[in-house]
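Take a look at the structure set out below.
A note on names: the letters A, B, ... follow the listed sequences, proteins ahead of strands, and every chain is numbered from 1. Any value given below was found using the heavy atoms of this structure, including those in side chains, with hydrogens, waters and symmetry copies removed. Since we're looking at a predicted model, the values are computed, not measured.
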Amino acid sequence: MHCVTAEVIHQEVVHGGYRVLQLRAPDLVPHVQPGQFVHVRVPHMEAAVLRRPFSVYKADGDVLQILYKGVGKGTRTMTFLAPGDTLSLLGPLGHGFPTLQPGNDPILIAGGYGMAALYLLARQLPVKGVAFFGGRSAPDILCVPEFEALGWDVRIATEDGSLGTAGRVTVLMDDWWAARSHDAAHVEAYACGPNGMLQAVAARAQQHDWTAWVSVDRNMGCGVGACLTCVLKTRTPEGDWVWQRSCTEGPVFDSRQIVWDAEGAS
Amino acid sequence: MHCVTAEVIHQEVVHGGYRVLQLRAPDLVPHVQPGQFVHVRVPHMEAAVLRRPFSVYKADGDVLQILYKGVGKGTRTMTFLAPGDTLSLLGPLGHGFPTLQPGNDPILIAGGYGMAALYLLARQLPVKGVAFFGGRSAPDILCVPEFEALGWDVRIATEDGSLGTAGRVTVLMDDWWAARSHDAAHVEAYACGPNGMLQAVAARAQQHDWTAWVSVDRNMGCGVGACLTCVLKTRTPEGDWVWQRSCTEGPVFDSRQIVWDAEGAS
Amino acid sequence: MADLQVSIGALKMKTPVMVASGTFGYGPEYAQLVDLNQLGAIVVKGIASEPTKGNPPPRTFETPSGLLNAIGLPNPGVEGFITEYLPFLRQHTVPVVVNIWGRTIEEYVAVARRLSEADGVHALEVNVSCPNIKEGSALFGTDLDAFTRVVEAVRAATTLPLIPKLAPNVADIGAFARAAENAGADGISLINSLPAMAVNIETRRPELGNGTGGLTGAAIHPFAVKMVWEAARAVQIPVIGIGGITNARDALEFLIVGAHAVAVGTASFTDPNTALDVTAGIADYLDRHGYPSVDALRGTLKWER
Amino acid sequence: MADLQVSIGALKMKTPVMVASGTFGYGPEYAQLVDLNQLGAIVVKGIASEPTKGNPPPRTFETPSGLLNAIGLPNPGVEGFITEYLPFLRQHTVPVVVNIWGRTIEEYVAVARRLSEADGVHALEVNVSCPNIKEGSALFGTDLDAFTRVVEAVRAATTLPLIPKLAPNVADIGAFARAAENAGADGISLINSLPAMAVNIETRRPELGNGTGGLTGAAIHPFAVKMVWEAARAVQIPVIGIGGITNARDALEFLIVGAHAVAVGTASFTDPNTALDVTAGIADYLDRHGYPSVDALRGTLKWER
Ligand SMILES: Cc1cc2nc3c(=O)[nH]c(=O)nc-3n(C[C@H](O)[C@H](O)[C@H](O)COP(=O)(O)OP(=O)(O)OC[C@H]3O[C@@H](n4cnc5c(N)ncnc54)[C@H](O)[C@@H]3O)c2cc1C
Ligand SMILES: Cc1cc2nc3c(=O)[nH]c(=O)nc-3n(C[C@H](O)[C@H](O)[C@H](O)COP(=O)(O)OP(=O)(O)OC[C@H]3O[C@@H](n4cnc5c(N)ncnc54)[C@H](O)[C@@H]3O)c2cc1C
Ligand SMILES: Cc1cc2nc3c(=O)[nH]c(=O)nc-3n(C[C@H](O)[C@H](O)[C@H](O)COP(=O)(O)O)c2cc1C
Ligand SMILES: Cc1cc2nc3c(=O)[nH]c(=O)nc-3n(C[C@H](O)[C@H](O)[C@H](O)COP(=O)(O)O)c2cc1C
Ligand code: FES
Ligand code: FES
């Protein structure tokens, strides 16, 4: 974990308002595990006291990349960043994705920036499988050529049908499961995306006895476990529940651990 | 008085950290009187609730120019403004310089941005005379060729002697006065600069029976007379004193009106 | 289009958005920039029975998302106000609320009585909470008995709609709200500026000529929302929400927690048209969400505990 | 180089810059980023006699130059703290101040007594001012009698340096400061967060899971400076200035108005190294201005009235 000043090398629009920001962060890059995130102090936002969390999309050499979309104050301010600008970067933070248990069959499920959040994992996993990508519309589907280049079988669903199957990504998943041979290997799912999607993955994991690792998106304060902002309701072995910090114990949790009630995972 | 969105046309460094900012403000320009100011909402300074006041340096066609130096938060943020950026401009504000009484002999006394604040007046005055420019060092002396081009006899003093006479501008003024024929016309002085300079001018006006108009620099809130931030202690005909608003009754005052005590003109 | 009209007792306003005392002068100052008749009401700078000079400068100091001020209530006195400013204000249709203050109960009563005879005054706002007065007036804002006495005395002196303005630096704002209601107030307004100070570390002197001052602006908005929520739950009379409004969202928060109307203060300095922009934003919100009126939105906070 | 050491009773600190309760966890959280031993002291998140889960999310919400929080004092309980965190803290030389709270006086006493037996606790900060507790604990902060009783009871239960932390939402902070001094406190700290709230205008629900919360950060700094100034003038015991410190200038303001030490809160979230940057800035200032020590600067505000 480091707090460094990173220089903007490049910023470009992917499509649909998504941008890739390239930062020079030699001290961070070597330590990044798939599923970890960085906490960004957005420059020129003097009235903001909080950093903004972003999954690490790529981390190679001394360059760290973030894929993001301008949705609010901070991310919109980030769209003005230009080469030569500097910003403070805290990371890598959080517990990322565990590696695949030998013999398991991996699947990926992603929505929105989740595709970026799964990229490092997708590259690192020793076995490739099916990657289910969902979004509202075609521009929300990202990184497809990259995942295909890694050997993933990318299947796409958009709610408006503008790309791939019309509907939710869960439909694709259900079809895939239905068509799957019943003595195939144990499924290990890795998911990142909107809460509803994660909950749907968790439900299937429960039903079909998959292992499912979900990366949750909670508002964050400190990012390091000190402020207790980012908590998520999780089950204890004793049948009780506790709040766990998604910045520290997460953002990746075993889906069976999570209590999916309104208060706990809203 | 208008509140408009103005576009940045150009920004350039003059020297010594002074910059000229050119703004497209067609609704304002025609109304500007010499000595008036504009109140600028500095963009990208979201934690600032106040505008920043600047004298109008030039106003021609639809272009309004400001000459300023990055001294604090707002002015330093302004240095990043680039063509195409927009900002909110309120003005023209305040009571500017009155024109010369016929038969009087005008002199100008300026320090720092005061040279810019006097430029429109210098251009408009029907008779030209001596312009006394003072500053800490050579880079603080601005606009000399422009004043000379208008026909002014510019005399320069710098405290470190790096340009013109070494010392305060008052020394130049005193020498000029001593050498002046005693039956010459009544002197009408126009001054803008640091408070100490204005007070020195006022003292000479008092002593030598000049008319002196001084443009004071007070912290401002609203800029339009509503908040009562910018007040200055002034004499009443009855021998009492009242606070007057430098944004409304000023920034230009008859030097005899001002009570130069610590509280009133600090 | 939704009905924007609201009433504070007999004070009828075309919109719920007023401009706050001390931040909009006496009317003429912003008249070239803002169509005064589109404001819900104009609350003028505090008026006392006699002219007052106010504090030495510096009188304001910028802080993070806020403003510190110690203007010190300079004013032309009630007679000066009536002769210098009321004729101008009478040329407009905007309701005029006069903010009044005094050093003693007698001074409050005197200015209230005089304004009640004047033509063109539509309501009185009683400033008991200005932190910049030395002579004990500050006490009116934080001592429940003194507060009650001054409101009762002014109530007896005027039939104009009466709006005590509460001081925010108290532990139990509901108690002051109820005291105002029991004393016969037609409404209450809050919050006034929050006592605060800043120090110049090079000179080691306060940044304000008066030493301490009042904090206002966006910085205090979340604090003001809580205060207004508590006050609105404590009383039946209308509440005017004030503090840190810079946009329609901020104003809507006040309405949702129970305010009848709002007033824009410091933000007018940043952008003179804030009050009218806020008004447009409220109208738009009401239409988008299908509220027939401001009153229909009022106090609709979803919160059980 | 100026002497940065300061003392709050028997609590000796190498620098006057602490980290505030609830903003720095229990020690390990920032240990990879900040050299803990360079801090004046570490004040850990509030500890109660029993483990507590805290409030439902959202627990924080960003406001202009500020932060609203309603964490709700989750903690592992005093036993949990002693076994899970004290061993880690004991490996460091930084003094450990434990912030304690309870729902009843008995609970305060229990946690104070237990911590007094533990090895590695250097002082107790008594949180009477957390706005996020329902069971009447809030009262301890704003009712002078209840406040006095809890401080007296904790005083009787421990010989550790005792630092009551004052609630800011009172009219007369000096009275609470004096009550703490009279009850035998070794110092006082202030301010805790300011009660506040924000509303989501689309859902019409509070932005915080708990409804209301506490405002902190740069927004409240000028308010905190005034409070600390008043408290420091009211008592002889040391005062710890807290509220909105983001840089050395902010901290120096507290020292100049009379604080012995300061604590950095919310700003650690923005930049984990704020406390150490502030320390360096204070050292530099003292040297530049020729002060031999922090104590020499303390209370040097130039202000007569
Ligand atoms: C572990 C993690 C990884 C993330 N990775 C990415 C990524 O790779 N790409 C990407 O585009 N986005 C990512 N996000 C979401 C991203 O953090 C938010 O979009 C961003 O914080 C919004 O900030 P804003 O100032 O633009 O929005 P505002 O709404 O103005 O922000 C106000 C506050 O709410 C918080 N907030 C708002 N939306 C979110 C959100 N969805 N999640 C968390 N906090 C939020 C902000 O951090 C800020 O504190 C991630 C979030 C988490 C928790
Ligand atoms: C009528 C008038 C005309 C002016 N004309 C010019 C000009 O043509 N060129 C130029 O460079 N400067 C001019 N100034 C000064 C200019 O307004 C300040 O330099 C500027 O406000 C500093 O803002 P800041 O945010 O950079 O400084 P900060 O110190 O960060 O500002 C903090 C606050 O103090 C106020 N403040 C700080 N310094 C001054 C100052 N010297 N005068 C007034 N307010 C101040 C700011 O407006 C702001 O409210 C003029 C001032 C006045 C009153
Ligand atoms: C410069 C200034 C002067 C003020 N003068 C008065 C006043 O005369 N009487 C009064 O009751 N309130 C006065 N106030 C307080 C405002 O009316 C308002 O209550 C406060 O500013 C909070 O609102 P805001 O955060 O929107 O500014 C003044 C505020 C400012 C900033
Ligand atoms: C997230 C958060 C949690 C806090 N938890 C506690 C706490 O447990 N006990 C306490 O006394 N104060 C707590 N505080 C208050 C801080 O210690 C401090 O008094 C306050 O934040 C003001 O300082 P600041 O403006 O520098 O943040 C908390 C503050 C924040 C922001
Ligand atoms: S964000 Fe602070 S504990 Fe997770
Ligand atoms: S700046 Fe507001 S009255 Fe002059």
Within the structure provided, determine whether D:V262 and D:D250 are in side-chain contact (heavy-atom separation under 4.5 Å). no
In Å and rounded to the nearest 0.5 Å, what is the CG to NZ distance from D:N169 to C:K226? 7.0 Å
Please determine, among D:H221, D:M227, D:E202, the option with the most heavy-atom pairs under 4.5 Å with chain C. D:E202
Select one option (side chain, backbone, both, neither) describing which atoms of D:I201 are under 4.5 Å from chain C's heavy atoms. both
Using heavy-atom distances under 4.5 Å, tell me whether D:T203 contacts chain C through its side chain, its backbone, both, or neither. backbone
D:E230 side chain vs D:G174 backbone, donor-acceptor pair below 3.5 Å: no
In residues 265-272 of chain D, which residues are in contact with chain C at a heavy-atom separation under 4.5 Å? none
CH2 on C:W303 to CG on D:N210, rounded to 0.5 Å: 6.0 Å
Considering the options C:D143, C:I105, C:L144, which one meets the side chain to side chain contact (heavy atoms under 4.5 Å, CB included) requirement together with C:R149? C:I105
Engaged part of C:L255 at the chain D interface, taking heavy atoms whose separation is under 4.5 Å: neither
Interface check, chain C: of D:A219, D:P222, D:S65, most non-hydrogen pairs under 4.5 Å belong to D:P222
So, the part of C:L215 with a heavy atom under 4.5 Å from chain D: the answer is side chain
Could you look at D:I173 and say if it's the side chain, the backbone, both or neither that has a heavy atom under 4.5 Å from chain C? neither
Does a side-chain heavy-atom distance below 4.5 Å link C:L208 with C:M197? no
Residue part contacting chain D, namely of C:T63, when any heavy atom lies under 4.5 Å: side chain
Sequence neighbours excluded, the answer for side chain to side chain donor-acceptor pair (under 3.5 Å) partners of D:Y285 is none
Within the distance-only criterion (no hydrogens, no angle test), does the side chain of D:D287 pair as donor or acceptor with the backbone N or O of D:A2 below 3.5 angstrom? yes
Only residue of D:V151, D:V126, D:L166, D:V228 satisfying side chain to side chain contact (heavy atoms under 4.5 Å, CB included) with D:I188 is D:L166
Largest heavy-atom contact set with chain D, pairs under 4.5 Å, which of C:V199, C:L297, C:I220: C:V199
Under the criterion side chain to side chain contact (heavy atoms under 4.5 Å, CB included), which of C:H260, C:M18, C:K165 is the partner of C:I240? C:M18
